[in-house]
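First comes the structure, then the notes that go with it.
One-based numbering, in listed order, for ligands and for the atoms of each.
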Amino acid sequence: MQKSVYIKTYGCQMNVYDSARMADVLAPRGYRQAEAPEDADLIILNTCHIREKAAEKVYSELGRLKRIKRERRAAGKDATIAVAGCVAQAEGAEIRRRAPAVDLVFGPQSYHRLPELLAEARRTGSAIGQAFEADEKFDTLPEESAFQGPSAFLTVQEGCDKFCTFCVVPYTRGAEYSRPAAAILAEARRMVAGGAREIALLGQNVNAYAGAAPGGVRGGAKGGGVWGLGRLIRELADVEGLERIRYTTSHPRDMDDELIAAHAEVPALMPYLHLPVQSGSDRILAAMNRKHTAADYRRTVDRLRAARPDLALSSDFIVGFPGETDQDFAATLKLVTEVGYAQAYSFKYSARPGTPAATADGQVPEAEKAARLAALQQLLEAQQAAFNHACIGRTMPVLLDRAGRKPGQMVGRSPWMQAVHVMAPPDRFGRIADIAIERATANSLAGHLAAAPAAPPRAPVGAGRSEGVRAA
Ligand code: 5AD
Ligand code: SF4
């Protein structure tokens, strides 16, 4: 029987990937995607725990869903409510106690068991899935995945062993786990056959990737039967039809020689890197348990830029970490000035229950955090605007991956992750086009299609590949 599922996704790109995989698990069971929760037999909230009051936001959304469930039930229709993701992992059965309308709770390592959990919820009235190991999930997820668009996400690594003192991820996503390289290469080939031109490799600590080499053994340190991320990227670059590779999010400590060399030697690896530093003060970095100093970070950036001179950098920053003084904050501003960022995310420190920093001495007053955040953002925004404005007059390859708001408009990504707006005919969708940049705003670029380079008289038979939106 046809059923429908509505999935609401919060948080990071990995959750976007996970939601797509949940839909893949459900599709063979007859679930199509609903446009709104009111129309769905199954509603899944795929939650994020990284932001403040994440759990509270989920509970208030569940209040709304409870009413939808009541109305659907009154009309004789099904309405199963599931809470998935990191809040589900952290809160577990507490969610059902506080929100009895919820039928099903499952963490990020359990969604491959969704059909079983649904059956259990139907039988017994509720089901909870809180596995901590990612390997069983990746071994059992279906091979088939729905088309994500010309730019696709592919999870290669999950979890984190770093335990930064402010962060909940090691508690919700569990220990570091790397998928075997053969499974990743196979998934990448299927994505490209389905129309993907760009793949972004995902992991909470993606450059800690240490996956079993094809035919090799699982586990162990990098080397021998294990590939690091640099090697994986090199092999992915050989996948016919894959034109662009990105990866996120990296830890400065795990930027090894092989990965830095890949930035120099693999043309498909895009010249943009999100490399969070969090703070420019060594005292604060130590208190955060970041395991690197500001000088270590700058050295890594220098090596990356030596490998790829046009590399654009992005970062995450936290201001007002417990014990942060004016001097510490000045060190952050100094680092930003010296490194120069094309883009960045910055946050006021906020306590996450259960993490060491939450109970540390020296919590910074809210007003001070707000003032520091404003100063940091002013500097970062100026750098971003300067970076975008420097693109005016240049022509750059843009992967056109979505429709724009205006009729006839398309939006794509530059190699440096800027959104680029352009008027283009529909057959350009899913292709890389040369765009002459005319205008820049704080967050995006706009331009026109540059004259196409003269086409070769005739492509040799069997050479090249179809440039269609999507291969059949
Ligand atoms: N307070 C503020 N920001 C945080 N982040 C993670 N935990 C916290 C916290 N407790 C930020 C970090 C991280 C990004 C994803 O979220 O900068 O890199
Ligand atoms: Fe969180 Fe630190 Fe791990 Fe990143 S490296 S996920 S900030 S604990």
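At a threshold of 4.5 Å between non-hydrogen side-chain atoms, the residues Glu265 and Arg234 count as touching. Counting heavy atoms from C-beta outward, Ile392 and Arg439 have side chains that stay 4.5 Å or more apart. For the pair Tyr17 and Gln148, the minimum side-chain heavy-atom distance is below 4.5 Å.
Within ligand 2, the atoms closer than 4.0 Å to a non-hydrogen atom of Pro170 are 8 (S), numbered from 1 in the order shown. Listed by atom number, the atoms of ligand 2 under 4.0 Å from His251 heavy atoms are 5 (S). Those atoms of ligand 2 that come under 4.0 Å of a heavy atom in Phe166, given as number and element, are 7 (S). For ligand 1, the atoms closer than 4.0 angstrom to any heavy atom of Tyr349 are 1 (N), 2 (C), 10 (N). In summary, the atoms of ligand 1 found under 4.0 Å from a heavy atom of Lys348, numbered by their order in the structure, are 1 (N), 2 (C). Numbered from 1 in the order shown, with element, the atoms of ligand 2 that lie under 4.0 Å from a heavy atom of Lys162 read 3 (Fe), 5 (S). Atom numbering of ligand 2 starts at 1 in the shown order; those under 4.0 Å from a heavy atom of Asn205 are 3 (Fe), 5 (S). Heavy-atom proximity to Phe163, at under 4.0 Å, picks out these atoms of ligand 2: 8 (S).
Gln89 places no side-chain N or O within donor-acceptor distance of the main-chain N or O of Gly174, the cut-off being under 3.5 Å. A side-chain donor-acceptor contact under 3.5 Å links Asp296 to the backbone of Thr293. Between the side chain of Thr47 and the backbone N or O of Ala84, at least one donor-acceptor pair lies under 3.5 Å.
Using bins of under 30°, 30° to 60° and over 60° for the plane-to-plane angle, the ring pair Tyr177/Phe138 lands in the parallel bin.
For atom 16 (O) of ligand 1, the nearest non-hydrogen atom of the protein is Arg51 NH2, 3.1 Å. From the protein, the heavy atom lying nearest to atom 9 (C) of ligand 1 is Ser350 O, 3.5 Å. For atom 1 (Fe) of ligand 2, the closest non-hydrogen atom of the protein is Cys167 SG, 2.3 Å. With hydrogens left out, the protein atom closest to atom 15 (C) of ligand 1 is Asp316 OD2, 3.7 Å, a heavy atom. Shortest contact from atom 7 (N) of ligand 1 to any protein heavy atom: Phe166 CD1, 3.4 Å. For atom 2 (Fe) of ligand 2, the nearest non-hydrogen atom of the protein is Cys164 SG, 2.3 Å. Among all non-hydrogen protein atoms, the one lying nearest atom 4 (C) of ligand 1 is Ile318 CD1, 3.6 Å. Nearest protein heavy-atom neighbour of atom 17 (O) of ligand 1: Gln278 OE1, 2.7 Å.
Ion pairing of Glu198 with Arg246 is present here, as a side-chain N (NZ or NE/NH1/NH2) and a carboxylate O approach within less than 4.0 Å. Using a 4.0 Å cut-off between a side-chain N of Lys or Arg and a carboxylate O of Asp or Glu, Arg283 and Asp328 qualify as a salt bridge.
Inclusion of Cys160 in the first shell of atom 1 (Fe) of ligand 2 is not supported: no N, O or S atom falls under 2.8 Å.
Cation-pi contact between Arg179 and Trp227: absent, since separation from the ring centre below 6.0 Å together with deviation from the ring axis within 45° is not met. With Tyr59 as the aromatic partner, Arg98 meets the cation-pi criteria of under 6.0 angstrom to the ring centre and within 45 degrees of the ring axis.
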